[in-house]
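Just so you know, these numbers use all the heavy atoms, side chains as well, and skip hydrogens, waters and symmetry mates.
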Amino acid sequence: MIKRLKVSLVGNPNSGKSTLFNRLTGLNQKIANFPGVTVEKKTGSMTIGSSDGSDYHIDITDLPGTYSLYPKTLEEQIPFQVLCDPTNESHPDVTVIIADGTNLKRSLFLCSQIVDLKSPAILVVNMMDQVTKSGVEINFIRLSKELGIPVIPMNARDGDGIDFLKNAIISNISVPENDFIDTALFAPEVVQSIRQSVKLNSNYVAFQIANNIDQISFFNDRQERRAQIKEILNRYGFDHSIMQASETLKRYEVISLLVKQVLKAKNAIPSKEKTFTRKLDNLLMHRFWGYFIFLAILFVIFQAVFAWAAWPMEMVDQAFTWMSIKVHDAIPEGVFNDLLVEGILAGLGGVVIFIPQIVLLFTFIAILEDTGYMARVSFMMDKLLRRFGLNGRSVIPLISGVACAVPAILSARTIASWKERLITILVTPLMSCSARLPVYALLISLVVPDHKYLGVIGLQGLVLFALYLIGFIAAMGSALLMKFIVKAKERSYFIMEIPVYRMPRWKNIGYTIVEKVRVFIFEAGKVIVAISVVLWVLSSSGPGAAFKDVKSQLETADPADTELQNHLAAEKLRLSYAGITGRAIEPIIEPLGFDWKIGIALITSFAAREVFVGTMSTIYSVGGSDEDIATVREKMMAEKNDKTGLPQYNLAVGWSLMLFYAFAMQCMSTMAVVRRETGSWKWPLIQFAFMGVLAYISSFIIYRILS
Amino acid sequence: MRGDFKKLSEIKLGESAVIESFTDDTMKLKLLEMGCLPGEVVTVTRFAPFGDPMAIAVADSMLSLRMSEAANVLVSVRS
Ligand SMILES: Nc1nc2c(ncn2[C@@H]2O[C@H](COP(=O)(O)OP(=O)(O)O)[C@@H](O)[C@H]2O)c(=O)[nH]1
Ligand SMILES: [Mg+2]
């Protein structure tokens, strides 16, 4: 027989929840030293065979790390809602509380709150290897007796204690008998009245309801009940902050006594980790060397993302070209063939090409997080970033934005203050992402001469660097602006734990990368492919007889005559819906120095910026799916402006275009993610408009100055 | 002795003090649950390079907080 059980893992940040979760489910995921990084609800499952022959199927949820049940940030609301509301879909049959054994007092605080909820719970005391090393002994039997729940010592890193935990989970544990502290003492009338009005397990649940009445979703469809309870709170003058403070102090008072009874520091040795951490911090957080090392690390990361990724990206490109040809040849000519090759495969290629850079970037970031270094970077950068309305923790999204804004924006979740998080989300897309690189590369090679200074420093490289710098400056400038516009929903705070340094776990870093790539493929990929298909429709169909005529000419044209083929393809694009739109917007973009051909590219690259290059090669009749950059460049160089007769792609137009691509929000995937993270279309639309205006004005100005 | 109360933000690097009370409710709750209780000894272990935020050792952990946050914590210095 198979029985099902729901288990939730809850604990302080960095207590080892994720490590334990991986142990139990075998389905590894992110592990980091950066406080609060487990933001998404992670679930997994395992099967435990019991001695009586029945199997248990266990569904495990890894809840975000929290110090208490009181929700203060977005992330902390999740454990509160899951554990306090029995109607919540993730409400567990058994709650497993993970305590950091080296910081037992603080861990017991959360634990004692959960004990008072009066639902089955198990306490896992983790990091036992370090506890033992520091010469401390814990009396687990006593601890278990005092708490009224099973207590299991654990070393989640090596897996010691896992089997005991598994047995405990299926052993049908009863609810704790005694209150750890009786919260009814703080507000007797309120607790009693609430318990009369709603059926509840314990006084403490009533107390929690009184404290967080607006956050409990259970009352969302029972508004009159909520109003009734609020009336009770008013009647007795219930003050949340006084109540929470009294509860907290009382709990710690009892815990201090308890810890004195169960902890024995035999021959306390200062922990090696802490000594090592302090020494390393003297260097890594030094007022000069700290920044120097951080910059050096950034430099290595950039070097990796751009130089090392080039080779696998080339392979991806060639693989897709090869596939396109194969598919094209394997299926009869026609609409379906075109859709597959020019719509879907082209879209997929545009997604996969970025995976090497994303993998490399997030390998570095995962290592920096897992070792605990990122918390230090946040610490060092907080003051600088705060001036711009950002937060020390905005560093990760901003750096990640250099690869791709989609995972970058998701990583902004660790920022506790809504305002700082929102501003981070809004400005991250201004960081030059890897999709802009091919556009920059083409345009730079077009308008910037290949000078070398001092024999090594190339002018083209300098311009590329300048573009990245411009993106960064624009991000910071916009943040500063938004700091004054965006209204804060709540106070911002930065209180966080700085963890000790630990060796990274390679396996876990591997899983982090898999996760990031998955996010990229599912969040960004599906939008890119979908839009790629839409754009294919727009650029492969058109109104009127002229389009039909060109289309049939193209179909009957001699395949050997590539020149004619390419010419007809360009003509077809001009007459297509995309082409018509490009011409329609020409008056709007003319002040920026753009013609209708660029207009088409602007439209087609709305899905993803790098499509610009592909569109240019079609417009300039380079043809074929194998885009030969050199050929596109030659054709673009030879292009004359219809009105002036001078080269179309001069320095002014080149810079105007580059700035446009630097600033404009040409990325549907990013907008979709911003919508998801901010909860409405309001912010992505504001962001779109803001970046659009910024792009337009900057391009206009630079074009005027240079021409 | 009342006269000896200082703000945590005024404590110098390497010095220790005892937490007495808090002047801001939100901050108070957050700090309390992280183990910054009245009576606990805090040691200022580090300032970020531009003097803000600060890192403190309290109970068994190292916490970082902004100076504006530390200004809400009243401490007493024992000599
Ligand atoms: N020494 C030791 N380290 C551990 C143990 N369990 C977890 N860790 C490490 O503690 C750090 C934080 O663990 P993690 O699972 O990410 O904590 P979470 O924030 O609660 O999910 C990681 O570097 C782990 O490798 C343990 O039992 N002993
Ligand atoms: Mg975790």
Side-chain angles (χ1 to χ4, degrees), chain A residues 12 14 35 66-70 72-73 100 102-107 109-110 113 134 239-242 244-245 247-249 251-253 255-256 271 274 277-278 281-282 285-288 290-291 375-376 378-384 386 392 416 490-500, chain B residues 7-76:
Chain A
N12 294 170
N14 292 304
T66 183
Y67 294 101
S68 81
L69 281 181
Y70 288 114
K72 294 198 180 49
T73 64
D100 175 351
T102 63
N103 200 335
L104 199 58
K105 223 177 185 179
R106 199 184 59 203
S107 312
F109 178 73
L110 177 65
Q113 288 188 316
S134 63
D239 184 323
H240 309 242
S241 54
I242 294 180
Q244 288 182 34
E247 182 204 332
T248 309
L249 289 173
R251 280 188 193 283
Y252 269 115
E253 192 187 316
I255 289 167
S256 293
S271 111
K274 281 195 181 146
T277 294
R278 203 174 48 242
D281 274 345
N282 284 341
M285 302 216 276
H286 188 267
R287 59 181 59 239
F288 171 72
Y291 290 104
R376 271 86 186 169
S378 307
F379 182 76
M380 289 193 298
M381 300 299 283
D382 185 63
K383 177 140 190 216
L384 292 175
R386 205 185 322 154
E490 86 264 294
R491 285 254 305 280
S492 125
Y493 62 81
F494 188 66
I495 305 169
M496 65 165 190
E497 200 183 345
I498 303 183
V500 292
Chain B
K7 290 173 178 170
L8 175 57
S9 50
E10 294 163 354
I11 302 299
K12 294 201 186 64
L13 186 65
E15 286 183 2
S16 299
V18 177
I19 301 180
E20 295 292 344
S21 63
F22 305 87
T23 52
D24 176 275
D25 275 347
T26 330
M27 217 58 74
K28 171 180 181 177
L29 295 173
K30 179 74 194 166
L31 286 165
L32 282 182
E33 70 181 39
M34 291 185 82
C36 294
L37 306 167
E40 288 278 352
V41 176
V42 283
T43 308
V44 177
T45 51
R46 193 173 294 280
F47 287 98
F50 293 95
D52 185 13
M54 75 197 301
I56 55 170
V58 62
D60 284 315
S61 48
M62 175 143 84
L63 302 183
S64 80
L65 67 174
R66 292 177 176 169
M67 297 307 267
S68 57
E69 295 161 344
N72 291 313
V73 184
L74 292 185
V75 296
S76 63

Distance in Å, A:I495 CD1 paired with B:C36 SG, rounded so as to fall on 0.5 Å steps
7.5 Å
Do side-chain atoms of B:E69 reach the backbone of A:F494 as a donor and acceptor pair under 3.5 angstrom?
yes
Could you check if a side-chain atom of A:K105 sits within less than 4.5 angstrom of a side-chain atom of B:E40, using non-hydrogen atoms only?
yes
Honestly, the part of A:H240 sitting under 4.5 Å from a heavy atom of chain B is neither
What I'd like to find out is whether the side chain of B:K30 reaches to under 4.5 Å of the side chain of A:Y67, using heavy atoms alone.
yes
Expected output: side-chain A:K383 to main-chain B:F50 donor-acceptor under 3.5 Å
yes
When rounded to the nearest 0.5 angstrom, what is the spacing between CZ in A:R106 and CE in B:M34?
5.5 Å
Most heavy-atom pairs under 4.5 Å with chain A, out of B:L63, B:L31, B:L65, belong to B:L63
More than 12 heavy atoms of other residues, nucleotides or ligands under 6.0 Å from NZ of A:K274: is that the case?
yes
Among A:L110, A:D281, A:N12, which residue has the highest count of heavy-atom pairs closer than 4.5 Å to chain B?
A:D281
Whatever's closer than 4.5 Å to a heavy atom in chain A on B:L37 counts as side chain
Does B:E33 offer a backbone N or O that forms a donor-acceptor pair with the side chain of A:Y252 under 3.5 Å?
yes
Let me know if A:F288 has heavy atoms under 4.5 Å from chain B in its side chain, its backbone, both or neither.
neither
Sort A:I255 into side chain, backbone, both or neither according to what part of it lies under 4.5 angstrom from a heavy atom of chain B.
neither
What part of B:D52 gets closer than 4.5 Å to chain A, counting heavy atoms only: side chain, backbone, both or neither?
both
A:M381, A:R287, A:R278: which one forms the most heavy-atom pairs within less than 4.5 Å of chain B?
A:R287
Let me confirm one number: the CD-CG distance from A:E247 to B:L29, rounded to the nearest 0.5 Å.
10.0 Å
So the ring pair (Phe, Tyr, Trp, His ring centres under 6.0 Å) pairs with at least one residue in residues 18-43 of chain B (sequence neighbours excluded) are none
Atom NZ of B:K28 and atom CD1 of A:I242: how far apart are they, to the nearest 0.5 Å?
8.0 Å
Measuring only between side-chain heavy atoms, which start at C-beta, is A:M285 closer than 4.5 Å to B:R46?
yes
Scan A:T102, A:N14, A:V500, A:N103 and name whichever one has a side-chain contact (heavy atoms from CB on, under 4.5 Å) with B:S61.
A:N103
Option passing side chain to side chain donor-acceptor pair (under 3.5 Å) with A:S241 (candidates B:D24, B:D25, B:T26):
B:D25
Out of B:P49, B:A59, B:A55, return the one with the most heavy atom pairs under 4.5 angstrom to chain A.
B:P49
Would you give the length of the straight line joining atom OG of B:S64 to atom CE of A:M380, rounded to the nearest 0.5 angstrom?
12.5 Å
Run the side chain to side chain contact (heavy atoms under 4.5 Å, CB included) check on A:L249 and B:L32 step by step: do they pass?
CA-CA 8 Å; A:L249 289 173; B:L32 282 182; 3.9 Å; yes
Non-hydrogen atoms of chain A under 4.5 Å away: do they reach the side chain of B:M67, the backbone, both or neither?
neither
Given that the side chain runs from C-beta out, which part of A:F379 has a heavy atom under 4.5 Å from chain B: side chain, backbone, both or neither?
both
